[in-house]
Amino acid sequence: MTQSNLLNTLNKAQRDAVTAPLGHLMILAGAGSGKTKVLTNRIAWLIKTGQAKSNQILAVTFTNKAANEMRERINVLLKEPTPGLWVGTFHGIAHRLLRIHWEAAQLPQNFQIMDSEDQKRLLKQVIRSLEMDDKVFTPRKAAHFINARKDQALRAKDVVADDNYSNKMLKIYYAYENACQTSGIVDFAELLLRSYELLRDNPILLEQYQSRFEHLHVDEFQDTNTIQYQWLALLLGKFGKLFVVFDDDQSIYGWRGAKIENIQHLQNQFDNISLIRLEQNYRSTGNILNAANALIARNQDRLGKELWTKDHAGEPIFIFKAYNETDEAQYVANRIRAWRGRRQDIAILYRTTAQSRVFEESLLQKGIPYRIYGGLRFYERLEIKDTLAYLRLVQHPHDNGAFERVLNTPKRGIGLKTLGMIRELANQQTMSLWQAAQHLIATKQLKARAASSLFKFLDLIEQLSRKVTDLSLDKKIERVKIASGLIEHYKKDTKQDAQRRLENLEELTNAARQFEENNQNVTDILTAFLDHAALEAGERQSGKSNDNVQLMTLHSAKGLEFKVVFICGLEEGLFPHQNSLDELQLEEERRLCYVGITRARNHLHLSHSETRYRYGTRDVCKPSRFLKEIPKELVKLILK
DNA sequence: CGTTAAGCAATTTTT
DNA sequence: TTGCTTAACG
């Protein structure tokens, strides 16, 4: 492909962005304006024109999906190998750095990653061992406290606590830091913070990476948090060139620590940074765009942009007022039944997951197949995590989280009493649970029955570690599944989901086999697989066939598009949500609505209900203010 | 040890 | 109302 070919498919603004002279650049890319296209074409352009070698380029995204898509599209554009090109998520790249430089990062070589669930489990332990009330200081709140600090690059020692509550939380933070470091595990936030510190505290290393990655590309920059910003700024150094793509109107993760202010910071920090706007939309009809534009114009805090299209105005936006949530769901199902096209082009979007049930019922009733996004992902499932915990323990017996998880899973007669003694001893002697358990047996402190059960467990793990070392990954998993008794446990289980769990365990072996095939050059395949399970927990989907109506929250719809979109439950208190009515959060709710509207290509239906059943009582609901913010001339009210 | 009743909270979730 | 956690019981 020649250079001009590369540019043929781009409009003026896109071409300006792709071919801009080297320097810092920020691209304000509206919904459906070709943001990924610009990003990937820019990278291809840099390589094609010899302005950069592939190993000088780093591209960072938030999701694995986006990273994979980007890599693929770059490959399609270039049709040549791109050695040393790093494309990945913030967490993925941070992790990569930590694996390479584990020693400088002060981590054990075999450090493990824990997901949010593991983190809460561990925190629960920590809170209890501090003899605090875990109803006041819930693991969830503690996790939030700690993650929020880490996201701001604050270690426990850097936190200033001025009231009793934060003092207690800080205590938990200290104890948690300690627990993580001694058992060699890192949580998601730690990946970022640790990798930031690694670079910050090792000038030679920093310089090496600064000069290697001269070109930094960031997708969805509006979603970056403080530590991600600092990490980027650090890596950028004096000579790096930054290319970020963002849409401030699609910032919907403030509650997770995303700092929309980072956009402003960027402009302040680099006064020579140029801004290019992509406002031509290739997705939606004129009416849909005008509705979106009018709505988002109500927000004070934005850079400002106006989407436009060469496409026709299209249908009006339909607004339906239902008597109750069932009526609303019936309306949606009826509309869907009347649709002549493919069902997968239809999405039902809602603010809260609880809303999905009524839609399921109405779709089921009318025999319309659907698929719900949400729920557990593959590697988050109970039986999968149990199996992986056995693997972790086999490889690394001092992993306390794994130890606690599988000690009595499946049930083997080791109760809370025994576990309590193990914990206590481990705490006193600062040893791992594994060591404490061995010690308890050796010193005969347990009753005969408990001692025998515990001994059998320790023996099981030891035997496994010996037998499993030389086996391939899938054989390892096969072995663990049987020896642990998990398979037998689910085979005996008469509950409905037991069969599915068995199938999932089967699937785990397949996934392992596949993973091993794809990673033949990796030395420590087990660790790599465990990392993969933690960092890429799989798709959040249920149901396989592909002609399904798509049901999901507005948040999960970001980045997707559908011919027909229903946004439901547009009522004050639900959307915008009760808990987000202050000025700042309200703007984020409005952006969420904007995201929802701009998912639609051809048809947009908005619905609200006069009453809604919530928490056991029926509430009277006012229509959402967002409905009034859409100009009347674009709207058609549906009459019953 | 496993089952059951009572108590309680109740957005959104890229990694 | 549902779903989850924990204390109490068999």
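Letters go in sequence order (proteins before strands), and every chain restarts at 1.
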Phosphate-side-chain proximity, [X] and [N], N/O vs OP1/OP2 below 4.0 Å:
| X | N | result |
| --- | --- | --- |
| A:K124 | C:dT6 | yes |
| A:T553 | B:dT11 | no |
| A:S556 | B:dT12 | no |

> Can you name the closest pair of heavy atoms from A:W231 and A:S195 and give their distance?
Replying inline: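 That closest heavy-atom pairing would be NE1-OG, 2.7 Å.
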Which one, [options], comes nearest to the side chain of [X]?
| X | options | value |
| --- | --- | --- |
| A:F62 | B:dT12, B:dT14, B:dT11 | B:dT14 |
| A:Y615 | B:dT12, B:dT15, C:dT1 | C:dT1 |
| A:Y613 | C:dT1, B:dT15, B:dT13 | C:dT1 |
| A:K411 | B:dT14, B:dC1, B:dT11 | B:dC1 |

Under 4.0 Å between any heavy atoms, over every strand shown, what does [X] touch: base, sugar-phosphate, or nothing? Just pick one.
| X | result |
| --- | --- |
| A:R357 | sugar-phosphate |
| A:L349 | nothing |
| A:G413 | sugar-phosphate |
| A:T353 | sugar-phosphate |

>> Suppose you measure atom C1' in B:dT12 against the same atom in C:dT5; what distance do you get, rounded to whole Å?
In response: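 Going atom to atom, C1' in each nucleotide, I get 23 Å.
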>> Can you check the distance between B:dT14 and C:dG3, where both ends of the measurement are the C1' atom (answer in whole Å)?
In response: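 These two C1' atoms come out 26 Å apart once rounded.
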>> Quick check, does A:H555 stack with B:dT12? I mean ring centres under 5.5 Å and planes off by under 30°.
In response: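 So A:H555 does not count as stacking on the base.
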> Taking the side chain as C-beta and beyond, is there a heavy-atom pair between A:R612 and A:E571 under 4.5 Å?
Replying inline: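 A side-chain contact under 4.5 Å exists here.
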>> Go nucleotide by nucleotide along DNA chain B from the 5' end; which of A:L416 and A:K558 gets its closest nucleotide reached first?
In response: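 Result: A:L416.
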